[in-house]
A.B. asks: 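My questions all concern the structure below.
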Amino acid sequence: MKRYEPKQLEPKWQQIWEDTKLYEVGEEPSRQKAYVIDMFPYPSGAGLHVGHVRNFSISDTYALYLRQKGKNVLRTIGFDAFGLPTENYAIKTGISPQEATDRQIAVFKGQLKKLGMSYDWSREAVTSDPGYYRWTQWIFLQLLKSGLAYQKENLQWWCEHDQTVLADEQVVNGRCWRCDNPVIKKSLKQWFFKITDYADRLLEGLNELDWPEKIKIQQRNWIGRSVGAELRFEIEGHADEQIDVFTTRADTIFSAAFIVLAPEHALVEKITTQAQQKDIAQYIEESAGKDDVERLAEGDKEKTGVFTGSYAINPANEEKLPIWIGDFVLGGYGTGAVFGDIHDERDFAFLNKFDIPARVTVIPEDKDEAVKVQAKEYTYTGEGILIDSGEFTGLRSEVARDQITAWLAAKGSAKETVNYKMRDWLISRQRYWGAPIPIIHCPKDGAVLVPEDQLPVELPKVESYQPNGDGRSALARAKDWLHTTCPECGGPAERETDTMDGYACSSWYFLRYTDPHNDKEAFSRAKADYWMPVDIYVGADHAVAHLLYARFWTMFFRDQDLLTVEEPFRGLRYNGYILAPDGSKMSKSKGNVVDPVDLIEEGYGADALRLYELFIGPYDQNINWNPTGIDGTKRFLNRVWALVQEHLEAKPDQGNTGTDQALETAVAVAVHKTIKKVTVDLEKFGFNTAIAAQMELVNELYRLKTKLPLGSEVWQKNLRLVVAIVAPFAPHISEELWEQLDGKGSVHEASWPTFDPTLVEDALMTIVLQVNGKTRGQIELNSDVAEDEVKQMAAESDAVKRHSTGLTIVKTIYIPGKLVNFVVK
RNA sequence: GCCGCUGUGGUGGAAUUGGUAGACACGCGGGACUCAAAAUCCCGUGCUAGCAAUAGCGUGUCGGUUCGAGCCCGACCAGCGGUACCA
């Protein structure tokens, strides 16, 4: 018997697929398309690991299934090649990031090819390729022209270790997402994309998407839309200045006890009295120097603040309110100012710490609770009934909110507003290895756009890669590149030395895939419209950053008439991580990374590996790597292989068709039931259970082959079906077996089998017998036996009699085709 | 703190969505083949008692609803992920 040798069989088919361009696709308007890709990888020095394999196997299996269903499937891969790790490696070793990237991509591609993924390699996109980032820069210019890119100086997250600013989305627990060092706030002039203009669309669009609810919730929280009012407070002694305050609780305005401004608030300097100036200045300095990690470590949100010496006037009741500053008020949210009262946890803490008098104006409906609240035993932050609130006393807080806002608005001291937690997307990075921002700074004309015909602004070769030490990247030292002429006036000017956040580059690669070689446009509308949106996008991580940015850009492209779709990713599947056997994260530094190629070359083969990574558990769950489990899927493939070989070697006269109708039907029934199960499971990404069903089928066929000899036409037909449903999971072995079984063409172009409904219906039903809800036995009956008869036979069965003699049956429950339960007393 | 998820044999997990808990697989035990081993094939494998038929117990804990709960409800415990004073 020919042995199953994945080591020679897999490379053979990989070569054939490449030679025949099996997976290369084009636009075919008459066919239904499907676009199935993964979040493209960062080509890190650690190479491909088993986590990637799980991610890619999920999408590849699904894509192969859709191909067999007749869809025109676009599936490819690219590399998210710009970024800090490569640049840091360059600084350490002196090897240029270009070279390191090329080398790493070559390693990745070598590994990927051994996995036999159904990629259209002609569409590969690499973000650090000038032919790619030329268009990233072009998009930057379009955003700028549309007023969606701008430069602004204010406080930003700064990572001292990496010498660069970071976006909000890249600060994790007050630390840099790359080097894990604490970040600080620093005032810098930076480039931003105005993603906040799209906040409502980004929020509403979520409702239509086939995404995990978890991710939608995360995005909603990140966008953080809250509806409220901006209230205007006059300042005593400063007739020409007012303080605007954002609140979602206008109903509590009568309880206002104080005002707090963020330390960086523009009015602080103006309103601070002589006596308070020293304290205020000192506080501002201290709070600016603190990083978030420090602040959190300082203990549980202990409130700090300093009185400015000035007072504001409550527009509702003309009361005088002391104006403080405090760093628990954020400069970047709302108006950077709040009014404080007893109906808020933080304000309550502040009141207590500084002994500011406060008044309760909202009490709960419960009388006893109300007494405690009025006694200020604790802070009440819920909805309730207004007291001591002028003409609004007695109203419910939800109602009073709108009425008070309207009342103040009529007096000119309020307006309804909406606020978002999400800030604009900070995209400048003071690092070398990124797409240069296509701007020229001219002493006369200011920030001037690089003309589109001069794109790309290519990264110049430089001697060394470390940041310049003055807040600029290594590009500041590339003098020939840096010094240029102003496109407006022709005078001497300097190029922008910041590069773009890598997330900019990854915000449109799925569009480049649809038209990867276009050197006239980023992508042609016709091609993008044919393929977009991505039907299934598979990956882990990036719940708020990438997935939000890519949606933003897609919406922008639509607004620019470059594209028809509003949303880039119709379906998102979030796969779980593969962890080390002890549950820790796999990492190069811990030395616990499992290299998939090692497993393939040990003899397991790519098919067994892919199968195992899908079989290991539900696709979206984190799983600890178990190094022995892969034996199971290898054995399964071996059994499929051996079954087919035995069939092919069987003498035809041993297994003439028609010898045993019942057994032949049994084979077909087993196969068709599995086709049904696997189809249903694939549709819902139930890969693990689909594989289990295939294993059950093969076990059953092993039992049947001892009774119905292999070699017959019936076996041939059914084994071909088995191979067809195994194909998306184990593409190589099934291609080989398909050929051996005289299948036409490639199994990956073969049609996905449909099950015969008459074969799937059961002729027999198993009725479970229960007494008082406890299972006591079962009986097998023909499926068409009527209810009364089933009940009677059940009642007469030994199992039921044993537990009911001497007792009376008070009730009989029948679940058709499944179960009879006797309630006895 | 807030939001979300998860908890089932020695292990990874399954369970038609309220109807036989533990499919499938790993591991382990036994057998066949072999001089022997590997590979392969077959049988067994939740716990307790029993030769067995069978009985009792069993899905993180406690309670509830129901003829019947891994699944629904309430309270709690543990672990994981997200978020970080957002007014």
Side-chain angles (χ1 to χ4, degrees), chain A residues 1 3 171-174 212-215 217-218 220-222 224-226 228 245-249 252 260 292 295-296 300-303 326-330 332-341 343-347 349-350 381 419-423 543-544 576-577 579 581 583 612 615-618 620-633 635-636 638-639 642 677 680 686 688-699 702-703 706 766-778 798-799 802 810-815 817-824:
Chain A
M1 189 193 287
R3 286 192 46 175
V171 178
V172 181
N173 291 327
E213 206 48 41
K214 183 177 93 172
I215 311 297
I217 290 168
Q218 277 187 47
R220 286 191 191 107
N221 290 343
W222 187 264
R225 183 177 200 266
S226 57
V245 155
F246 176 71
T247 182
T248 55
R249 292 294 303 271
T252 64
V260 188
D292 255 33
R295 228 189 267 176
L296 288 169
D300 257 19
K301 295 168 186 176
E302 175 77 10
K303 293 289 168 292
D327 64 8
F328 77 97
V329 175
L330 307 172
Y333 181 76
T335 60
V338 303
F339 77 79
D341 64 55
H343 298 296
D344 179 278
E345 297 276 358
R346 295 154 303 180
D347 297 345
F350 197 84
T381 60
N419 258 302
Y420 302 90
K421 284 194 205 177
M422 182 172 67
R423 314 290 155 80
V544 289
Y577 290 111
L579 304 165
Y612 176 56
F615 182 61
I616 196 167
D620 56 353
Q621 227 167 72
N622 292 347
I623 296 276
N624 296 357
W625 182 254
N626 174 355
T628 62
I630 189 172
D631 288 318
T633 51
R635 268 176 216 148
F636 164 67
N638 211 6
R639 279 162 73 79
K677 167 82 174 151
V680 168
N688 55 332
T689 50
I691 293 165
Q694 296 183 356
M695 289 172 166
E696 271 184 89
L697 172 63
V698 170
N699 291 344
Y702 264 67
R703 282 187 285 272
T706 62
T766 306
I767 301 292
V768 172
L769 307 175
Q770 293 187 340
V771 178
N772 284 342
K774 286 204 174 191
T775 301
R776 296 301 181 183
Q778 51 177 282
D798 288 345
R802 195 164 47 229
V810 294
K811 200 172 168 187
T812 306
I813 293 140
Y814 177 58
I815 306 297
K818 279 184 180 159
L819 166 148
V820 184
N821 184 19
F822 296 98
V823 185
V824 301

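Labels below follow one simple rule: chain letters A, B, ... track the order of the sequence lines, proteins then strands, and each chain is numbered from 1.
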A.B. asks: Under 4.0 Å, counting only non-hydrogen atoms across every strand here, what does A/Asn688 touch: a base, just sugar-phosphate, or nothing?
C.D. replies: sugar-phosphate
A.B. asks: Taking the C1' atom in each of B/U34 and B/U40, what is the distance between them to the nearest angstrom?
C.D. replies: 12 Å
A.B. asks: Between B/G46 and B/C80, how far is it from one C1' atom to the other, in whole Å?
C.D. replies: 27 Å
A.B. asks: Step by step, would you call A/Leu769 with A/Ile767 a side chain to side chain contact (heavy atoms under 4.5 Å, CB included)?
C.D. replies: CA-CA 6 Å; A/Leu769 307 175; A/Ile767 301 292; 4.2 Å; yes
A.B. asks: Please give the distance between the P atoms of B/C3 and B/G74 as a whole number of Å.
C.D. replies: 14 Å
A.B. asks: So does A/Arg639 get a side-chain nitrogen or oxygen closer than 4.0 Å to the phosphate oxygens (OP1/OP2) of B/C42?
C.D. replies: yes
A.B. asks: What integer distance in Å separates A/Gln778:CD from B/G68:P?
C.D. replies: 22 Å
A.B. asks: Between B/C24, B/C85, B/A14, spot the one nearest the side chain of A/Asp327, thanks.
C.D. replies: B/C85
A.B. asks: When you compare B/G68 with B/G82, how far apart are their C1' atoms, in angstrom units rounded to a whole number?
C.D. replies: 38 Å
A.B. asks: Give a yes/no answer on whether the side chain of A/Tyr612 brings an N or O atom under 4.0 Å of OP1 or OP2 in B/A25.
C.D. replies: no
A.B. asks: Would you mind reading off the distance between A/Arg249 atom CZ and B/C86 atom P, rounded to a whole angstrom?
C.D. replies: 14 Å
A.B. asks: Can you tell me how far C1' of B/G4 sits from CH2 of A/Trp222, to the nearest Å?
C.D. replies: 16 Å
A.B. asks: How far, in whole Å, is B/A14 from B/C67 if one measures between their C1' atoms?
C.D. replies: 26 Å
A.B. asks: Name the residue closer to the 5' end of RNA chain B, choosing between A/Asn772 and A/Lys677 according to the nucleotide with the nearest heavy atom.
C.D. replies: A/Lys677
A.B. asks: Using the C1' atom in both, what is the distance from B/U59 to B/G13, to the nearest Å?
C.D. replies: 13 Å
A.B. asks: Counting only heavy atoms from other residues, nucleotides and ligands, does the tally under 6.0 Å from CG of A/Asp798 exceed 12?
C.D. replies: no
A.B. asks: Please report whether the ring centroid of A/Phe350 lies less than 6.0 Å from that of A/Phe328.
C.D. replies: yes
A.B. asks: Check A/Glu213 with A/Arg220, please: is the shortest side-chain N to carboxylate O separation under 4.0 Å?
C.D. replies: yes
A.B. asks: A/Ile813 has a side chain; which of B/C67, B/C24, B/A84 sits nearest to it?
C.D. replies: B/C67
A.B. asks: From CZ of A/Phe636 over to C1' of B/C24, roughly how many Å is that when rounded to an integer?
C.D. replies: 11 Å
A.B. asks: Take A/Val820 and A/Val768 through the side chain to side chain contact (heavy atoms under 4.5 Å, CB included) test and state the conclusion after the steps.
C.D. replies: CA-CA 6 Å; A/Val820 184; A/Val768 172; over 6 Å; no
A.B. asks: Between A/Thr335 and B/A87, does any side-chain N or O lie under 4.0 Å from OP1 or OP2?
C.D. replies: no
A.B. asks: If the condition is side chain to side chain donor-acceptor pair (under 3.5 Å), which residues does A/Thr706 pass it with, not counting sequence neighbours?
C.D. replies: none
A.B. asks: So does A/Ser226 get a side-chain nitrogen or oxygen closer than 4.0 Å to the phosphate oxygens (OP1/OP2) of B/A87?
C.D. replies: yes
A.B. asks: Without swapping roles, check the side chain of A/Asp341 against the backbone of A/Asp347 for a donor-acceptor pair under 3.5 Å.
C.D. replies: no
A.B. asks: Could you give me the CA-CA distance, side-chain angles and deciding distance for A/Lys421 and A/Asn221, then say whether side chain to side chain contact (heavy atoms under 4.5 Å, CB included) is met?
C.D. replies: CA-CA 8 Å; A/Lys421 284 194 205 177; A/Asn221 290 343; 5.6 Å; no
A.B. asks: Please pick, from B/G4, B/A87, B/U20, the nucleotide with the shortest atom-to-atom distance to any side-chain atom of A/Tyr333.
C.D. replies: B/A87
A.B. asks: Are A/Lys818 and B/A15 close enough that a side-chain N or O sits under 4.0 Å from OP1 or OP2?
C.D. replies: no
A.B. asks: Nearest 0.5 Å please: distance from the CD1 atom of A/Ile630 over to the CZ atom of A/Arg635.
C.D. replies: 11.5 Å
A.B. asks: Donor-acceptor pair, A/Arg249 side chain versus A/Thr381 backbone, under 3.5 Å?
C.D. replies: yes
A.B. asks: Please check if the side chain of A/Asn622 supplies one atom and the backbone of A/Tyr577 the other of a donor-acceptor pair under 3.5 Å.
C.D. replies: yes
A.B. asks: Have a look at A/Gln770 and say if it touches a base, only the backbone sugar-phosphate, or nothing, with a 4.0 Å heavy-atom cut-off.
C.D. replies: base
A.B. asks: Of the options B/U40, B/A25, B/A84, whose atoms approach the side-chain atoms of A/Met695 most closely?
C.D. replies: B/A25
A.B. asks: With sugar-phosphate meaning primed atoms plus P, OP1 and OP2, does A/Ile623 contact a base, only sugar-phosphate, or nothing at under 4.0 Å between heavy atoms?
C.D. replies: sugar-phosphate
A.B. asks: Between B/G60 and B/A78, how far apart are the two C1' atoms, rounded to whole Å?
C.D. replies: 7 Å
A.B. asks: Can you identify which nucleotide, out of B/C24, B/A84, B/G27, has its nearest atom closest to the A/Glu696 side chain?
C.D. replies: B/C24
A.B. asks: Compare side-chain N and O positions of A/Arg776 against OP1 and OP2 of B/U54 and report whether any pair is under 4.0 Å apart.
C.D. replies: no
A.B. asks: Where the side chain of A/Asn821 is concerned, which of B/A84, B/C85, B/G19 is the nearest nucleotide?
C.D. replies: B/G19
A.B. asks: Could you check B/G9 for me: syn (within 90° of 0) or anti?
C.D. replies: syn
A.B. asks: With heavy atoms under 4.0 Å as the rule, sort A/Leu819 into base, sugar-phosphate or nothing.
C.D. replies: base
A.B. asks: If you check the A/Thr689 side chain, which of B/A15, B/A87, B/C41 turns out closest?
C.D. replies: B/A15
A.B. asks: side-chain contact (heavy atoms from CB on, under 4.5 Å) with A/Ala337: which residues, sequence neighbours excluded?
C.D. replies: A/Ile243, A/Val245, A/Leu261, A/His265, A/Thr335
A.B. asks: In whole angstrom, what separates A/Leu330's CG from B/U83's C1'?
C.D. replies: 14 Å
A.B. asks: Of the nucleotides B/C86, B/A23, B/U20, which one has an atom closest to the side chain of A/Ala692?
C.D. replies: B/A23
A.B. asks: What nucleic acid atoms does A/Ile217 come within less than 4.0 Å of, heavy atoms only: base, sugar-phosphate, or nothing?
C.D. replies: sugar-phosphate
A.B. asks: Does B/U17 adopt a syn or an anti glycosidic conformation, taking syn as a chi angle within 90° of 0?
C.D. replies: syn
A.B. asks: With nearest nucleotides of RNA chain B determined for A/Asn221 and A/Gly336 from heavy-atom distances, which residue corresponds to the more 5′ nucleotide?
C.D. replies: A/Asn221
A.B. asks: Mind checking A/Val823 for me? I need base, sugar-phosphate or nothing, with any heavy atom below 4.0 Å counting as a touch.
C.D. replies: sugar-phosphate
A.B. asks: Between P on B/C85 and CG on A/Asp347, what's the gap in Å once rounded to a whole number?
C.D. replies: 14 Å
A.B. asks: Would you indicate what A/Gln218 reaches in the nucleic acid, counting non-hydrogen atoms under 4.0 angstrom: base, sugar-phosphate, or nothing?
C.D. replies: sugar-phosphate
A.B. asks: Is any side-chain N or O of A/Gln621 under 3.5 Å from a base N or O of B/G13, one able to act as donor and the other as acceptor?
C.D. replies: no
A.B. asks: Hey, is the side chain of A/Arg635 pairing donor to acceptor with the base of B/C41 inside 3.5 Å?
C.D. replies: no
A.B. asks: Choosing from B/A87, B/U20, B/G27, which nucleotide comes nearest the side chain of A/Thr766?
C.D. replies: B/U20
A.B. asks: What nucleotide, of B/C57, B/A87, B/A23, holds the atom closest to the side chain of A/Val329?
C.D. replies: B/A87
A.B. asks: Once Watson-Crick and G-U wobble pairs under 3.5 Å are found, how is RNA chain B written in dot-bracket notation, 5' to 3', with | for any base paired to another strand?
C.D. replies: (((((((..(((......[....)))((((((.......))))))((((....))))..(((((..]....))))))))))))....
A.B. asks: Regarding A/Asn699, tell me which of base, sugar-phosphate or nothing describes its non-hydrogen contacts under 4.0 Å with the strands shown.
C.D. replies: sugar-phosphate
A.B. asks: Please report the distance separating the P of B/U20 from the corresponding atom of B/U16, rounded so that it comes out in whole Å.
C.D. replies: 9 Å
